[in-house]
There are 2 protein chains.
Amino acid sequence: MLSIGDLSKRTGVKVPTIRYYEQMGLMGAAERSEGNQRRYEKTDLERLAFIRHARDLGLDIPAIRELIALSRHPEMPCADADKIAADHLVAVREKIAKLQRLEHELERIISHCDGHSIEDCYVIRALSDHGLCDGEH
Amino acid sequence: MLSIGDLSKRTGVKVPTIRYYEQMGLMGAAERSEGNQRRYEKTDLERLAFIRHARDLGLDIPAIRELIALSRHPEMPCADADKIAADHLVAVREKIAKLQRLEHELERIISHCDGHSIEDCYVIRALSDHGLCDGEH
DNA sequence: TCTTGAACCTCTAGTGACTAGAGGAATTAT
DNA sequence: ATAATTCCTCTAGTCACTAGAGGTTCAAGA
């Protein structure tokens, strides 16, 4: 049996975060010691690694909750799980595209600025005047 | 003189957001009508467009506050303003790189999944077992 | 066995940039 | 004059945690 601190050390997930995951229904109520402290088993270690991995990939808590629910039904088709991942991939790609537009706009603004004083600073001017932008955003 | 609603319509910034910007010190306290309602002038319109544009580029409120302060000193060198933009560009590029790593990982996980049931779903398996990942994240 | 110090417990509040809603006052149009 | 709309302030909610207060339990050494 592991304490919450042990679990934390082994997974790299902070103690308050583990409690938070329990609250959010990702971790399931742990067993308790006589003195009301949480006690975990190896399966909890795997569960937490799963959650952490999904979070690292950017999945949000409701999505992870659903994946956990799915993983409890090994006989079901895996289309639902695939869809969660695929939807997330679409969202990630949209974010990338948006950030790349920002990147180009910032590059352009910065490269145009060769003034020496705020008065003719292109950064400030570009922000003031949307007409100086390339694309729309 | 414009009401807050007029300002909102002309800039596309929602009314509560304008009040929020005032609270955050980006907008400066507006004049008031006899009945205590905010009244704006054209300069406020430009200011708000500036803020909105900076936000669209992803700059946060402290950065915008600083840019506004700088723009009030036209004789100062513009290195500070450039630095704010350049630092932000670095942050944007880091976010892009991180998201691209996620993109590839998700692509790989999804493409490997040709199972029909949860039991052998690669999405679930990959999340459970970090060893199935390509890179580290 | 006792004591000390670390780890644990619950609960509340804070993060950023808004957004939503309550309850009431001012303004504008009819 | 009245009705509809807009405005005011204030509080609380979003997301995934993080920090802290104030108190309890546990494990190791004396």
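To find a chain, count down the sequence lines: A is the first, B the second, and so on, and within it residues start at 1. Since the structure is predicted, the reported quantities are computational estimates derived from the model, not experimental observations. The basis for the numbers below is simple: all heavy atoms, side chains too, and nothing from hydrogens, waters or symmetry mates.
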Separation of atom CG in D6(B) from atom C1' in dT27(C), rounded to whole Å: 12 Å
side-chain N/O R52(B) vs dC18(C) OP1/OP2, d < 4.0 Å: yes
Distance, rounded to the nearest Å, where L48(B) contributes CG and dC18(C) contributes P: 11 Å
OP1 or OP2 of dC15(D) under 4.0 Å from side-chain N/O of Y20(A): no
Sub-4.5 Å side-chain heavy-atom contact between Y20(A) and L26(A): no
R52(A)-Y21(A) side chain donor-acceptor pair, cut-off 3.5 Å: yes
Closest-nucleotide ordering on DNA chain C, the 5'-leading residue of N36(B) and I61(B): I61(B)
M27(B) CE to dA17(C) C1', straight-line distance once rounded to whole Å: 16 Å
Phosphate contact (dT19(C) OP1 or OP2) by T17(B) side-chain N/O below 4.0 Å: yes
Which residue lies more 5' along DNA chain D, comparing Q37(A) with Y21(A) via nearest heavy atoms: Y21(A)
Rounded distance (Å) that lies between atom P of dC26(D) and atom CD of E34(A): 7 Å
Touch class at under 4.0 angstrom, heavy-atom based, for R19(B) against every strand present: base
dT9(D) OP1/OP2 closer than 4.0 Å to side-chain N/O of R32(B): yes
N/O (side chain, S3(B)) to phosphate O (OP1/OP2, dC7(D)) under 4.0 Å: yes
R19(A)/E22(A) salt bridge by N-O under 4.0 Å criterion: no
Trace of the side-chain contact (heavy atoms from CB on, under 4.5 Å) decision for C78(B) with I118(A): CA-CA 5 Å; C78(B) 79; I118(A) 290 288; 4.1 Å; yes
Residue-phosphate contact under 4.0 Å: R55(A) side-chain N/O, dC17(D) OP1/OP2: yes
Protein-nucleotide distance (I18(A), atom CD1; dA19(D), atom P), rounded to Å: 15 Å
Comparing I4(B) and D60(A) on DNA chain D - which has the more 5′ nearest nucleotide: I4(B)
Short side-chain N/O contact from R65(A) to OP1 or OP2 of dA16(D), under 4.0 Å: no
Whole-Å distance separating the NZ atom of K14(B) from the C1' atom of dC8(D): 19 Å
Whole-Å gap separating C1' (dA17(C)) and CD (E22(B)): 16 Å
Touch class at under 4.0 angstrom, heavy-atom based, for R38(A) against every strand present: sugar-phosphate
Interatomic distance, M1(B) CE vs dT28(C) P [rounded to whole Å]: 12 Å
Salt bridge R10(B)-D6(B), side-chain N to carboxylate O under 4.0 Å: no
